[in-house]
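All chains are named by letter (A, B, ...) in the order of the sequence lines, taking the proteins before the strands, and each is independently numbered beginning at 1.
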Amino acid sequence: MKSQISGRLSILNEEPIRRGQYVLYWMQASQRTRFNPALEHAVKRANELKLPLLVAFGLMDNYPEANERHYAFMLQGLADVKGGLADRGIGFVIRHGSPPGVALELAEHAAMVVCDRGYLSHQKQWRDQVADEAGCCVEQVEGDVVVPIEEASDKSEFAARTLRPKVHRLLDQYLKPCRSPKVAVRREHWKMTSGIDLSDIPGALARLKIDRSVKQVAHFHGGEIEAQRRLRHFLKHSLNGYRDGRNEPAGEVTSTLSPYLHFRQISPVEIALRVRASHAPAQDKEAFLEELIVRRELAMNFVNFNPNYDSYDALPAWAQRTLKAHTADKRPYIYARRDLENAKTHDRFWNAAQRQMTATGYMHNYMRMYWGKKVLEWKRTPREAYEDLIYLNNKYFLDGRDPASWANVGWIFGLHDRPWQQRAIFGTIRYMNDSGLQRKFDMEAYVRKVDSIESY
DNA sequence: ATCGGCTCGCGCAA
DNA sequence: TGCGCGAAGCCGAT
């Protein structure tokens with residue numbers, strides 16, 4: 001029942017705008033007040049209807065694959081959201097319950113509902129349910145990508161090279177500032193209860209039924225304020241030299257914005273505009289924008305057009321064929337999941353990468369590739385390797401459980417990649433080894449860096 | 001240090 | 001239908 005109005009905007013049902021006490025922005029994916037097209041669209045609608053705007057977030061127990069590490073980061077971000085909305089005279093309700101349940105409760109008194117767009121299957125289901133049951137008009141604004149996914153392409157793309165020209169054609173159209181209209185009917189305080197006190201995050205965390213096996217990290221503080229600080233730091237200190245420096249595992253030449261992009265605490269459009277406007281060399285800007293836009297949105301394309309995105313079966317046919325042909329090959333090392341999880345392998349560089357992940361919720365980008373390739377080599381079957389990688393990725397990374405998680409793990413197994421020379425275990429899947437790491441990088445510095453992180 | 005070969009399928013040119 | 005080429009590869013030859 002979805003109809004496209006313009007690039008970012010879709011109407012999700014055929015219900016009318018009706019009499020109501022407010023316009024409801026059901027904020028679920030886009031957890032920010034800056035550069036949030038869904039929020040600004042909701043402000044515009046509220047102004048047109050001469051109604052106040054209410055923003056609501058549904059905080060559920062046991063969110064799929066989330067644990068205390070993820071929840072803590074997200075709640076820190078939602079505290080920023082509350083503050084940012086209060087500054088503009090917009091009310092915010094965060095309520096304990098399922099996201100569609102909370103949205104539907106509050107939609108009862110709404111003239112209409114605005115929502116944002118996550119790409120994972122449960123997020124889609126929640127939106128479908130709200131659109132079906134709200135009884136009023138539900139509009140969706142796709143504000144967490146540069147080019148809306150279906151605008152760029154109408155199918156699952158084979159590789160970056162097939163998506164790239166389609167995205168580049170539309171860049172100028174979509175790399176635009178986000179207008180922020182003044183709120184006409186200010187109303188910050190509402191009678192309905194919030195139930196969650198964001199000024200006491202440890203207390204709020206303690207009351208949730210969640211997996212507490214992975215603790216929060218001091219290394220990353222959640223929220224759009226910290227995201228903005230990191231963006232400024234990156235533009236000032238790291239963008240210059242990004243193309244040649246980004247792969248050095250011990251280096252500091254990365255944005256470290258991926259956790260903030262995952263929780264949508266910062267807009268990729270805003271990042272791209274700031275990068276474009278900076279005085280860094282063109283080659284560095286291009287290399288970064290390729291990562292931020294083409295590669296990131298290729299992951300969204302993959303998830304959007306493959307209902308099987310979270311399964312080994314979503315890998316391309318040539319990759320499954322070649323891996324199957326090599327399943328019986330002798331493995332020099334085989335590790336159980338708990339050996340991997342505890343960083344107990346014979347490989348110091350791999351162990352360091354694993355420890356960086358568990359200790360900080362983050363791993364250097366280049367090491368993520370090496371880390372994944374070794375697990376493929378060290379499990380009895382590629383399916384087991386796939387399962388272990390998704391498990392570890394989503395459990396420990398702050399940016400896990402993202403479309404990029406399934407695309408990146410898939411890449412280890414040939415997704416969006418090309419075949420290479422035949423070899424044992426891998427078949428024609430791209431191989432990586434530690435001599436490559438040592439040839440190209442200062443790996444002792446990387447191990448020292450992880451050691452020092454853990455001891456602080 | 002640098003270079004070609006490896007190997008598959010997409011998409012464009014013809 | 002043919003052909004160029006591709007996220008970070010490795011490996012052996014020069």
What's the closest nucleotide to the side chain of [X] if the choices are [options]?
X: A/Lys155; options: B/dG11, C/dG6, C/dA7; result: B/dG11
X: A/Ser435; options: B/dT7, B/dG11, C/dC11; result: C/dC11
X: A/Glu157; options: B/dG11, B/dT7, C/dC11; result: B/dG11
X: A/Gln421; options: C/dG6, C/dA7, B/dG5; result: B/dG5
X: A/Trp411; options: B/dC6, C/dA7, C/dC10; result: C/dA7

Distance between [atom1] atoms of [N] and [M] (Å, rounded):
N: B/dG4; M: C/dG4; atom1: P; value: 15 Å
N: B/dC12; M: C/dA7; atom1: P; value: 15 Å
N: C/dG12; M: B/dT7; atom1: P; value: 15 Å

Spacing between [X] atom [atom1] and [N] atom [atom2], to the nearest angstrom:
X: A/Leu315; N: B/dG9; atom1: CG; atom2: P; answer: 14 Å
X: A/Leu163; N: B/dC10; atom1: CG; atom2: P; answer: 15 Å
X: A/Lys166; N: B/dC12; atom1: NZ; atom2: C1'; answer: 12 Å
X: A/Arg246; N: C/dA7; atom1: CZ; atom2: C1'; answer: 8 Å
X: A/His364; N: C/dA7; atom1: NE2; atom2: P; answer: 20 Å
X: A/Trp420; N: B/dG9; atom1: CH2; atom2: P; answer: 16 Å
X: A/Arg418; N: B/dG11; atom1: CZ; atom2: P; answer: 16 Å
X: A/Arg368; N: C/dA7; atom1: CZ; atom2: C1'; answer: 15 Å

For a quick check of understanding: with a heavy-atom distance under 4.0 Å over all strands, which category does [X] fall into, base, sugar-phosphate or nothing?
X: A/Gln422; value: sugar-phosphate
X: A/Asn365; value: base
X: A/Ala159; value: nothing
X: A/Trp318; value: sugar-phosphate

(Q) For A/Tyr386 and A/Phe413, take the angle between the two ring planes, folded into 0 to 90°, and tell me which bin it lands in: parallel under 30, tilted 30 to 60, perpendicular over 60. (A) perpendicular

Q: On the 0 to 90° scale, with breaks at 30° and 60°, tag the A/Phe288-A/Phe234 ring pair as parallel, tilted or perpendicular.
A: tilted

Less than 4.0 angstrom between a side-chain N/O of [X] and OP1 or OP2 of [N], yes or no?
X: A/Arg321; N: B/dG9; value: yes
X: A/Asn408; N: C/dA7; value: no
X: A/Lys373; N: C/dA7; value: no
X: A/Arg161; N: B/dG9; value: no
X: A/Arg439; N: C/dC10; value: yes

Q. Can you give the dot-bracket line for DNA chain C, using ( ) for pairs inside the strand, [ ] for pairs that cross earlier ones, | for pairs with another strand and . for unpaired bases, where Watson-Crick and G-U count if both distances are under 3.5 Å?
A. ||||||..||||||

**Q.** Pairwise side-chain contact, A/Thr33 with A/Leu39, heavy-atom cut-off 4.5 Å (strictly under)
**A.**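 Answer yes - side chains close enough.
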
(Q) By the definition salt bridge (Lys or Arg N to Asp or Glu O under 4.0 Å), identify the one residue from A/Arg8, A/Arg296, A/Arg32, A/Arg117 that meets it with A/Asp144. (A)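 The passing option is A/Arg32.
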
**Q.** Over 12 non-hydrogen atoms of neighbours within 6.0 angstrom of NE2 in A/His346
**A.**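 Count over threshold, so yes.
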
Q. Cation-pi between A/Arg368 and A/Tyr362: NZ/CZ under 6.0 Å from ring centre and within 45° of the ring axis?
A. yes

Q) Honestly, is A/Arg230 close enough over A/Tyr260, meaning NZ or CZ under 6.0 Å from the six-membered ring centre and within 45° of the axis? A) no

(Q) Which residue is it: A/Tyr335, A/Tyr333, A/Tyr370? I am looking for the one with a side-chain hydrogen bond (donor to acceptor under 3.5 Å, both in side chains) to A/Asp347. (A) A/Tyr370

Q. Hey, would you say the A/Phe441 and A/Tyr366 ring centroids sit under 6.0 Å apart?
A.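 Ring centres of A/Tyr366 and A/Phe441 closer than 6.0 Å.
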
